[in-house]
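Chain letters run A, B, ... following the sequence lines, proteins first, then strands; residues in each count from 1.
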Amino acid sequence: VTAATLAPPRPHSRAIDLLLALYLAGIVVAVLYPSAFLSPGNASAVLNNLAFDGILAVGMMLLMIAGVFDLSVGAMASMTGVLAGWLMVRQGWPVPLAVAAALLAAGVGGFVNGVLVAKARVNALITTLGTLGIFQGITILVGGPGVTDLPAGFTALGQTEIDLPLPRGDRLHVQTPVFGLLVLALVAHLLLQHTGRFRQFYYVGSNPKAARLSGIRVERLQILGFTLMGLIAGVAGLAYAARVGSAVSTVGQGAELRVITAVILGGASLTGGKGSVPGALVGVLFMALVTNVLIIARVSSYWQGIVIGVILVLAVGLDAVQTRRRGE
Amino acid sequence: MTRRDVLVGGAGIALGGALAWYVSPERAGGRTADGRTASNSDEEYVWLSANAHLPLFVAHDHPALDLAAKELGVRVTIAGPDAVDIPGLVAAVEQTAARRPAGMMVVGWDPAALIPAINKAVESGVPVVCVDADVPGSKRLAFIGTDWHDLGMRQGEAMLRALAGRRGKIAMLGLIEQAIDIAAFAGFRKVVEPAGNSVLEPFQDKGNQAEAAKVAAGVLQAHPDLVGMAGFDSESGPGMGQAIKEAGRAGKLVATCVEAEPQHLRLLRDGVLTACVGQKRELFTYMGVKALYDCVHSPVRFTADDRAAGVGPIPVNYNTGTYTVTRDTVHLFLKG
């Protein structure tokens, strides 16, 4: 089997089911809270706030398709933002140079994760748990609580709004990170669907031994996956820093588990070989809407974890039952 | 479950939703989903924080919100993530502002990241005040809470009183990346260093009691000549207390901390901690609702259109102060 002969993967049914559930739940919420839920302001707020997790989810989906995951993504995002901010504000570097240097650091961090997992064969959980601490430590050492007053040339990258027309003369104010997320997702989707190299991620995730025997360079692919994840986490950190006008040291805290949850809801499996980029986006959208609906309904945020937890267990459990019935 | 099952189930849900419309909160008005109803008023004020159900908040801030709601005849609701999740808090602020409540109180977990969200809310006509922790660069109308630099100074004064002329090395524990802790560290140093003490660089306890105990135990081992230890987040004191007890240093080492929760007070009564500096949490949260209410209802006018002119009808700063609990006064607080 060669990479070229691998069939493009079909969209995973869990993502489609989740999309249907979202659609139907959306109708119910729109009926219950028409003015709050359907307002352009609310839609803009939901979209603009899901970009950070969405960007991370695209990278995490690539990794999880290949059968690995990265717990250091939140810390990496914080580190990249703070590093860029520190270079721009405290060292006086020009914006493009600071951004490039921070992204380079993110790429190197991801590459190190990849080498440790693929070459040194250290478990991905242990490796990225370790680097999570390292990246967090570097962030606080460099930036303390964070770096404020980022230059306008940088914040424009995250705060520029594009108004999309809606019926009845309303407008949706969408910020640039959302468009960045869409472009990134489209590119990642096309690569996974139409290039042999990226389709190999599915094969490696499904059966790494067989992939190795068929000539696929599994280690090289895993390193590529982690390096891309590092870069994508860097992009997320920079986009968020630009959006809020400051690089916050704690911005990525807890993001890793949110993103892994979203990606699994969107069709990925911890054992690899499953999932799609649109699925990751559906997972992120679902989690964003659960939060939004609970805010609108004035329900205690305790319920957020319960709702997402129940749906995660249900989705994965039903999937496992279906798979067993099919005898897969 | 097949996709068809999902669709059939969904159709049922949609039908249920249509029926529920007749009892929907937006139609009925004045009801909250979590039962925090204070009156039939439609006027809603929202308290937003990260870690929104932290035991400290549940014990002090949430009851104060209820108290103010009942007194003023308004509705006060709670929103925000249940973790230290800054993007989650930013999202909650933006999404709450989109449904246009009468006012919002924001706990400024990050003094910078919340600026755009708060500014956008204020610009859209929703009055915003910061409670507990400030976002000074934003367009918030007021800050209501503790001055953390001052709180650090109060802890420094308590430390010097207990040292009674002794001098030496002092350690500080806290959330080293948090702006309020950094301000408190500075206030503490300002008082204790001129008195001839040397203050070590602050140690990170991650706002977690177990971590604080571990870190404090390590500090005690590494610095046997330590004369004092000061904790700056709500979990530092209990963690330090445990480490001090286990190291057999209770009563020998001066230990001060922030907050005066039952756990802190018991350690103080037992002679493990020396002094606790409490924040008037109930007061600043209660005042937060009242400040927003005043914003909406104040008869005081400065211009033809104060909002357009950018003039607020409430004070800009409310320093609610602190109180120091010592072994002499701890019985009063334990009884309270």
query: Quick one: CD1 on A:Ile295 to CD1 on B:Ile78, what's the gap to the nearest 0.5 Å?
result: 13.5 Å
message: Pairing donors with acceptors under 3.5 angstrom, does anything connect the side chains of A:Asn49 and B:Glu94?
response: yes
statement: Scored by heavy-atom pairs under 4.5 Å with chain A, the best of B:Pro87, B:Ala179, B:Ala79, B:Ala97 is B:Pro87
message: Counting heavy-atom pairs closer than 4.5 Å to chain B, which one of A:Thr291, A:Val29, A:Asp53, A:Val248 comes out on top?
response: A:Val248
message: Nearest 0.5 angstrom please: B:Gln204 CD to A:Gln136 CD, how far?
response: 8.5 Å
task: Determine whether more than 12 heavy atoms belonging to other residues, nucleotides or ligands lie under 6.0 Å from atom CG of A:Asp149.
output: no
query: Contact part of B:Ile182 toward chain A, heavy-atom cut-off under 4.5 Å: side chain, backbone, both or neither?
result: side chain
statement: Here the pair of heavy atoms bringing A:Arg243 nearest to B:Pro116 is O-CG, 3.9 Å
message: With heavy-atom distances below 4.5 Å as the criterion, would you say the side chains of A:Arg258 and B:Asp85 are in contact?
response: yes
- line: Interatomic distance, CD@B:Gln95 vs CD1@A:Ile296, rounded to 0.5 Å, equals 7.0 Å
field: Heavy-atom side-chain proximity of B:Val90 to A:Tyr240 below 4.5 angstrom
entry: yes
field: Heavy-atom pairs under 4.5 Å with chain A, option from B:Ala98, B:Pro81, B:Ala113 with the top count
entry: B:Ala113
query: Which region of B:Ile176, side chain (C-beta onward) or backbone (N, CA, C, O), has a non-hydrogen atom less than 4.5 Å from a non-hydrogen atom of chain A, or is it both or neither?
result: side chain
statement: The reported gap from OG in A:Ser44 to NZ in B:Lys120 (rounded to nearest 0.5 angstrom) is 7.5 Å
